[in-house]
Amino acid sequence: MKSQRGITVTFLPDERTSVVKQGTTLLEAARKAGVVLPTRCGGKAACLMCKVTIGRESKDAVRPPDEAERRKLGSLLEQDVRLACQTAVQQELNVNVPEDPLKAAVRRRLEAARRGEMDELW
Ligand code: FES
C-alpha cells in the first residue's frame with residue numbers, strides 16, 4: 001500500500017517491515033527494516049550476494065530488471081530472483097530473504113531433535 005508515509009515492504013520469513021519512498025532499492029529497504037542482506041560490492045550488481053525472491057504476484061511492485069541485472073542473473077530471473085541492490089520499489093510487496101546457511105543448519109538440527117533423530121546428526 002502506498003500511503004502518505006510511503007510504501008510498505010515486508011521481508012519474509014521474519015516479517016520485518018520498512019516504509020520507504022518509491023524508487024528505494026530493496027537493499028536500502030532491508031537495511032531500514034533491520035534485515036541483513038550480504039553484500040560485497042557495495043550495491044554495484046557485481047557480487048550477486050544480495051539475491052532475494054519476489055513472488056510473481058508482486059512482479060509489478062518493483063521496477064523491471066535493467067540490462068545489467070538481466071545479464072548477471074540470467075535464468076534466475078525466471079525463478080523470480082532479483083538483486084536487492086538493483087531492484088527499486090514501486091508498490092507494497094513481500095520479499096523473500098534466503099535463509100542464512102548457518103541459521104539453516106541450526107534450524108535443521110533443532111527440527112531433527114524434535115523428531116528424535118539426534119543420534120544421526122551429532
Ligand atoms: S550488493 Fe553486490 S550484487 Fe547486490
Side-chain angles (χ1 to χ4, degrees):
M1 172 191 298
K2 184 177 179 185
S3 69
Q4 290 179 334
R5 291 181 26 206
I7 301 168
T8 301
V9 182
T10 303
F11 293 89
L12 303 172
D14 293 340
E15 296 192 25
R16 292 192 184 196
T17 62
S18 62
V19 178
V20 299
K21 291 182 189 166
Q22 193 172 39
T24 302
T25 67
L26 291 177
L27 184 61
E28 294 165 329
R31 286 181 177 149
K32 193 173 174 190
V35 174
V36 177
L37 294 177
T39 66
R40 197 172 286 159
C41 70
K44 296 186 173 107
C47 70
L48 305 185
M49 294 180 72
C50 65
K51 291 190 287 271
V52 294
T53 307
I54 297 168
R56 291 193 181 187
E57 69 285 350
S58 297
K59 191 177 136 222
D60 296 330
V62 292
R63 278 197 210 127
D66 63 13
E67 192 50 40
E69 188 180 6
R70 283 185 186 285
R71 244 192 338 269
K72 290 285 183 183
L73 287 176
S75 63
L76 288 175
L77 276 171
E78 294 158 22
Q79 297 167 37
D80 306 317
V81 173
R82 296 291 305 268
L83 293 177
C85 68
Q86 302 298 304
T87 306
V89 175
Q90 300 283 80
Q91 300 167 26
E92 179 179 316
L93 79 153
N94 294 335
V95 179
N96 297 301
V97 177
E99 192 172 26
D100 174 78
L102 181 59
K103 262 176 133 177
V106 170
R107 181 184 48 73
R108 282 193 300 272
R109 285 189 174 204
L110 290 172
E111 287 170 0
R114 275 189 224 112
R115 291 190 309 261
E117 299 171 1
M118 287 306 286
D119 290 344
E120 294 175 24
L121 294 170
W122 296 100

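Counting starts at 1 for both ligands and their atoms, following the listed order.
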ask   = Got a salt bridge between E111 and R107, using NZ or NE/NH1/NH2 to carboxylate O under 4.0 Å?
value = yes
key: Those atoms of ligand 1 less than 4.0 Å from some heavy atom in G43   = 1 (S)
inquiry  = Tell me whether atom 2 (Fe) of ligand 1 has C85 as a neighbour, meaning an N, O or S atom of it below 2.8 Å.
reply    = no
inquiry  = Using a 4.0 Å cut-off to any heavy atom of L48, which atoms of ligand 1 qualify?
reply    = 2 (Fe), 3 (S)
request  = Examine distances only and state if a side-chain atom of D100 and a backbone atom of L102 form a donor-acceptor pair shorter than 3.5 Å.
outcome  = yes
message = So if I count the atoms of ligand 1 from 1 in the order they appear, which ones are less than 4.0 Å from some heavy atom of C47?
response = 1 (S), 2 (Fe), 3 (S)
ask   = So which of L83, V52, T39 actually passes side chain to side chain contact (heavy atoms under 4.5 Å, CB included) with L27?
value = T39
Per-atom contacts, ligand 1 versus T39 - under 4.0 Å to a heavy atom = 1 (S)
ask   = Side chains of S75 and E78: do they bring a donor and an acceptor to under 3.5 Å?
value = no
remark   = A student checking ligand 1 against A46 at a 4.0 Å heavy-atom cut-off should list atoms 3 (S)
request  = Give the numbers and elements of all ligand 1 atoms closer than 4.0 Å to a heavy atom of A45.
outcome  = 3 (S)
message = Please identify which of these residues, V62, L73, D66, meets the side chain to side chain contact (heavy atoms under 4.5 Å, CB included) condition with Q86.
response = D66
key: N, O or S from C50 under 2.8 Å to atom 2 (Fe) of ligand 1   = no
note = Here the gap from R115 atom CZ to L110 atom CG, rounded to the nearest 0.5 Å, amounts to 11.0 Å
